[in-house]
Number of protein chains: 2
Amino acid sequence: MSDALDASLRLVRAQVALVKRFDTSLSGLHGVSLADFTMLLRLGEAPGGRMRRVDLAEKLGLTASGVTRGLAPLERIGLVMRETDARDGRVAYAALTDTGRERLTDMLATAEQIAAETFAAPLWSKEDIGHLSALLTRLGGTGLPGHGAPPP
Amino acid sequence: MSDALDASLRLVRAQVALVKRFDTSLSGLHGVSLADFTMLLRLGEAPGGRMRRVDLAEKLGLTASGVTRGLAPLERIGLVMRETDARDGRVAYAALTDTGRERLTDMLATAEQIAAETFAAPLWSKEDIGHLSALLTRLGGTGLPGHGAPPP
DNA sequence: TCACTATGCTTGAGCAGTCAAGGATTCGTT
DNA sequence: AACGAATCCTTGACTGCTCAAGCATAGTGA
């Protein structure tokens with residue numbers, strides 16, 4: 001097997017393990033999955049804490065229906081609310097509620113801790129993490145900005 | 001957000017994109033998913049082309065029931081057959097059929113090509129691929145051997 | 001103005017995996 | 001020899017996503 005295929009399969013494997021870790025902690029402490037957390041995080045990053053659902057899908061690498069299904073429980077428990085657009089009747093925004101913002105802060109702390117444990121020294125150096133991130137960014141999954149050197 | 005959390009989320013994102021690529025080509029050309037292909041590949045690597053189902057689960061990072069469900073369609077289409085153990089009545093082996101072996105060869109060629117395209121020069125150097133692989137191996141998902149330098 | 005097309009979103013059906021429970025078999029201890 | 005614990009596997013119920021279809025609204029060109 002080539003190195004490229006080997007790397008591909010390792011990537012799949014590593015992700016499964018990583019997601020499992022995050023899911024366990026996040027659901028234990030906050031009752032949300034990593035997917036839920038990521039949704040809330042991207043909403044939190046958006047101006048006004050709100051996005052069109054279709055844009056959220058793009059940013060998450062999901063389909064529109066995935067967003068509909070994923071947001072439903074978050075709306076039900078009051079972390080996210082639905083807002084409409086006065087100009088365009090087709091559009092529905094997803095917006096963080098105040099509760100959602102608060103809870104997100106706690107979740108973020110948990111997620112940061114898991115990430116820190118996962119990439120802990122001495123096994124992982126700061127350079128390793130940056131390098132991994134850069135390599136993964138090359139693999140794409142459009143929707144996220146790179147973080148390498150800006151063009152000259 | 002820390003670099004560690006950023007890398008974690010990028011890993012998830014990159015995997016989704018990668019899996020989508022493999023799934024599209026493999027299912028188009030051979031009617032199997034990446035998960036199916038990986039199952040067959042691991043079976044093919046095992047001595048005699050057969051493994052206990054529980055060991056296959058371990059190697060794939062799945063649960064036993066995931067293997068049961070995943071193998072079912074492969075048995076149905078004749079790529080994998082079930083074998084019993086004369087010594088231990090609890091055990092059921094999963095074994096590649098002759099057809100399975102042939103088809104696996106073709107699938108492997110396809111998978112190699114996707115991998116080669118994904119990690120094509122000039123964006124990716126041989127060192128990049130090796131480095132990525134090494135970093136991912138550190139992230140674990142036990143069951144696969146590392147491929148770094150052997151102990152002194 | 002009015003059809004046609006494009007966009008945003010939701011819904012039904014289906015697939016791939018999980019967990020929890022259960023059945024069958026084996027192992028270990030007395 | 002026999003009981004209890006452990007192992008291997010499958011099954012039912014569920015989750016979280018996909019695709020395809022459909023509905024409503026908006027934009028476009030004759």
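Side chains included, hydrogens not; waters and symmetry mates left out as well; all remaining heavy atoms used. Order of the sequence lines sets the chain letters (A, B, ...), proteins ahead of strands, with each chain counted from 1.
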Original post:
Do any N or O atoms from the side chain of A:T97 and from the backbone of A:G78 form a donor-acceptor pair under 3.5 angstrom?
Top reply: yes
Subject >> Separation of atom CG in A:L74 from atom P in D:dT15, rounded to whole Å >> reply: 14 Å
**OP:** Answer with yes or no whether A:T63 presents, from its side chain, a donor or acceptor under 3.5 Å of a partner atom in the base of D:dC17.
**Re:** no
Original post:
In terms of side-chain heavy atoms of B:R52, which of C:dG8, D:dC8, C:dT10 is nearest?
Top reply: D:dC8
Original post:
Hey, is CD on A:Q113 packed in by over 12 heavy atoms from elsewhere, all under 6.0 Å?
Top reply: no
**OP:** Please indicate whether A:D88 has more than 12 foreign heavy atoms, meaning atoms of other residues, nucleotides or ligands, lying under 6.0 Å from its CG.
**Re:** yes
Original post:
Starting at the 5' end of DNA chain C, which residue's closest nucleotide do you reach first, A:T68 or B:G66?
Top reply: A:T68
**OP:** May I have the distance from B:D23 (atom CG) to C:dG14 (atom P), rounded to whole angstrom?
**Re:** 20 Å
Original post:
Atom CD of B:Q15 to atom C1' of C:dA16: distance rounded to whole Å?
Top reply: 13 Å
**OP:** Write down the distance between CE (A:M51) and P (C:dC9), rounded to a whole number of angstrom.
**Re:** 11 Å
Original post:
Once you round it to whole Å, what is the distance between C1' of C:dC15 and CG of B:L34?
Top reply: 15 Å
**OP:** Could you work out which one of D:dT10, D:dC17, D:dC19 sits closest to the side chain of A:A35?
**Re:** D:dC17
Original post:
Nearest of D:dT10, D:dT25, C:dA24 to any side-chain atom of A:R90?
Top reply: D:dT25
**OP:** Return the value, rounded to whole Å, for the distance between atom CZ of B:R82 and atom C1' of D:dC9.
**Re:** 8 Å
**OP:** Examine the side chains of B:R53 and B:T68 and answer whether a donor and an acceptor come within less than 3.5 Å of each other.
**Re:** no
Subject >> Phosphate OP1/OP2 of D:dT25 contacted by A:R87 side-chain N/O (<4.0 Å) >> reply: no
Subject >> Of A:A86 and A:P73, the one whose closest DNA chain D nucleotide lies more 5' >> reply: A:P73
**OP:** Could you tell me the separation between the CD atom of B:E58 and the P atom of D:dC9, rounded to a whole number of Å?
**Re:** 13 Å
Original post:
So what does A:A64 touch, heavy atoms closer than 4.0 Å: a base, only the sugar-phosphate, or nothing?
Top reply: base
Subject >> Reference residue B:F119; test side chain to side chain contact (heavy atoms under 4.5 Å, CB included); the match among B:I114, B:D128, B:L132 >> reply: B:L132
Original post:
Is the distance from OP1 or OP2 of D:dC19 to the nearest side-chain N or O of A:R69 less than 4.0 Å?
Top reply: no
Original post:
Within this structure, what is the CG-to-P distance between A:D88 and D:dG27, rounded to whole angstrom?
Top reply: 6 Å
